[in-house]
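Quantities reported herein were computed from a predicted structural model and do not represent experimental measurements. Whatever order the structure lists them in is the order used to number ligands and atoms, beginning at 1. Numbers here simply count residues along the sequence, with the first being 1.
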Amino acid sequence: MKPAVVVVGSFNQDLTWRCAEFPAPGETIVGEFKTGPGGKGSNQAVAAARAGAPTAFVGAFGDDSFGRDAQAFLRAEGITVHAARKKLPTGNAAILVNHRGQNQIVVALGANAALAPRDVPSTLLRSARVVVCQHETNLPLNAAVLRTARRAGVTTVLNPAPMRADFDARILAHTDVLIPNESEFVALIARPGFDEAALHALAPAALHSLCRSLGAPTVIVTLGARGCFVSEPSRHTFIPSYTGLKVIDTTGAGDAFVGGFAAGLVKFSGDQVAAAHFANAVAALSVTKFGTAPSMPARRTIDQFIRKHSHVARRPSA
Ligand code: RIB
């Protein structure tokens, strides 16, 4: 089947240590180790595919076992893989997860940073319904990818994670939907004194107006345990998160949301609020399991979860 969602992005081998508390600088602690497939782009592709969208992933890998295993994993998920082989190690990430499910991450981009426009088939971009990029490859490549897709009438989604010093806001001219988390939103607004606490204190109308100032037609701010805020040109909607879930590991929750949103756009024929509700459920389910890509829920699980929690009603804030 022709891929409806195309994710151009990173793969990282996640090397994860679970610990009671994060170590202080200079401290050594004992933890438990696991490794598995990760990387924001790959996680988003897995989330979209498991959520039911025919999905392609375009990424760069080293000629090493992490890279080979990654491609086999993605293909086994039913994802169409366009792999560029680079003379660099496959990306990897050192992740610490504490007993509250919070994380700290250091990423070595490796091959991801060398992904180039010639590695991305333009026919694949033009024939998609949704194209998704994040910040773990290289940013000029993202701009070229989103420009090509948008000119072909494809919905473009940019997840500016992690925020980078070389971010060029001109990419927003090629972005239909911008999905930052709280810290990325604060960095995008870049106003003295505007921090996450100030963001949380904003009334919905004021947050909507800040979102409008960024220039992307739709801005969705993911607010962690609070939920998410969808700012479209003529309305804004707050979607609360699900409560009462046992949080095991929040790593990759943002990726679950972005991949779930892309799949939701396909499922709900471009209805962004419906897609955000769907994404909210995908993200909620992902934190109840350990790991990143392996924690992405299947379509059936998502549908059952949404039916069970149908009391989490839509709450328009305008
Ligand atoms: O968003 C989670 C991801 O961030 C991890 O899988 C890790 O690889 C880093 O890219």
Side-chain angles (χ1 to χ4, degrees), residues 7-18 22 33-51 57-62 64 66-67 69-71 73-74 77 79 88-98 101-115 132-139 141-142 157-164 179-185 187 220-225 228 247-262 279 282-297:
V7 179
V8 179
S10 57
F11 172 85
N12 296 321
Q13 184 71 23
D14 285 350
L15 308 164
T16 305
W17 287 263
R18 289 183 86 154
F22 298 132
F33 176 75
K34 265 199 175 174
T35 185
K40 296 184 191 301
S42 172
N43 294 341
Q44 292 169 8
V46 172
R50 289 192 181 175
F57 175 72
V58 185
F61 302 88
D64 49 32
F66 285 165
D69 290 352
Q71 292 168 57
F73 166 75
L74 290 165
E77 291 286 330
I79 294 168
L88 287 164
T90 296
N92 56 71
I95 304 177
L96 301 185
V97 179
N98 71 10
Q102 298 166 316
N103 62 67
Q104 294 182 334
I105 306 178
V106 181
V107 174
L109 294 182
N112 294 308
L115 190 66
V132 183
C133 289
Q134 346 62 35
H135 278 182
E136 283 184 334
T137 55
N138 71 74
L139 305 197
L141 164 82
N142 281 353
V157 176
L158 177 64
N159 170 225
M163 184 43 79
R164 285 172 41 169
I179 310 184
N181 69 10
E182 295 139 304
S183 65
E184 291 146 10
F185 184 73
I220 303 179
V221 188
T222 57
L223 299 164
C228 69
V247 176
I248 302 292
D249 182 3
T250 58
T251 320
D255 305 331
F257 186 94
V258 172
F261 179 76
V282 175
L285 281 162
S286 77
V287 306
T288 63
K289 287 205 175 135
F290 185 73
T292 54
S295 73
M296 301 305 170

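- A distance-only check finds a donor-acceptor pair linking the side chain of N138 to the backbone of A113 [under 3.5 Å].
- For ligand 1, the atoms sitting less than 4.0 Å from at least one non-hydrogen atom of V107 are 9 (C), 10 (O), numbered in the order shown with element in parentheses.
- E136 OE2, 3.5 Å is the protein heavy atom nearest to atom 9 (C) of ligand 1.
- In terms of modelled atom types and a separation under 3.5 Å, the side chain of N43 and the main chain of A256 share no donor-acceptor contact.
- Scanning all protein heavy atoms for the shortest distance to atom 8 (O) of ligand 1 gives D14 OD1, 2.6 Å.
- From the protein, the heavy atom lying nearest to atom 4 (O) of ligand 1 is K40 NZ, 3.1 Å.
- Of all protein heavy atoms, the one lying nearest to atom 1 (O) of ligand 1 is D255 OD2, 2.7 Å.
- Residue G254 places every heavy atom at 4.0 Å or more from ligand 1.
- Per-residue contacts place A93 under 4.0 angstrom from the following atoms of ligand 1 (heavy atoms of the residue considered): 7 (C), 8 (O).
- Judged by distance alone, the side chain of T251 and the main-chain N or O of T292 form no donor-acceptor pair under 3.5 Å.
- No donor-acceptor contact under 3.5 angstrom links the side chains of T90 and Q13, judged on distance only.
- Less than 4.0 angstrom separates some heavy atom of N12 from each of these atoms of ligand 1: 8 (O), 9 (C), 10 (O).
- Of the N or O atoms in T251, none lie within a sub-3.5 Å distance of an N or O in ligand 1.
- Judged purely by atom type and a 3.5 angstrom limit, N159 uses its side chain to pair as donor or acceptor with the backbone of I179.
- Considering backbone and side-chain atoms alike, G39 places an N or O below 3.5 Å from some N or O of ligand 1.
- In this structure a side-chain-to-backbone donor-acceptor pair under 3.5 Å is present from E184 to N181.
- Side chain of S286 to main chain of P297: no donor-acceptor pair is present (N/O by atom type, distance under 3.5 Å, no hydrogens or angles).
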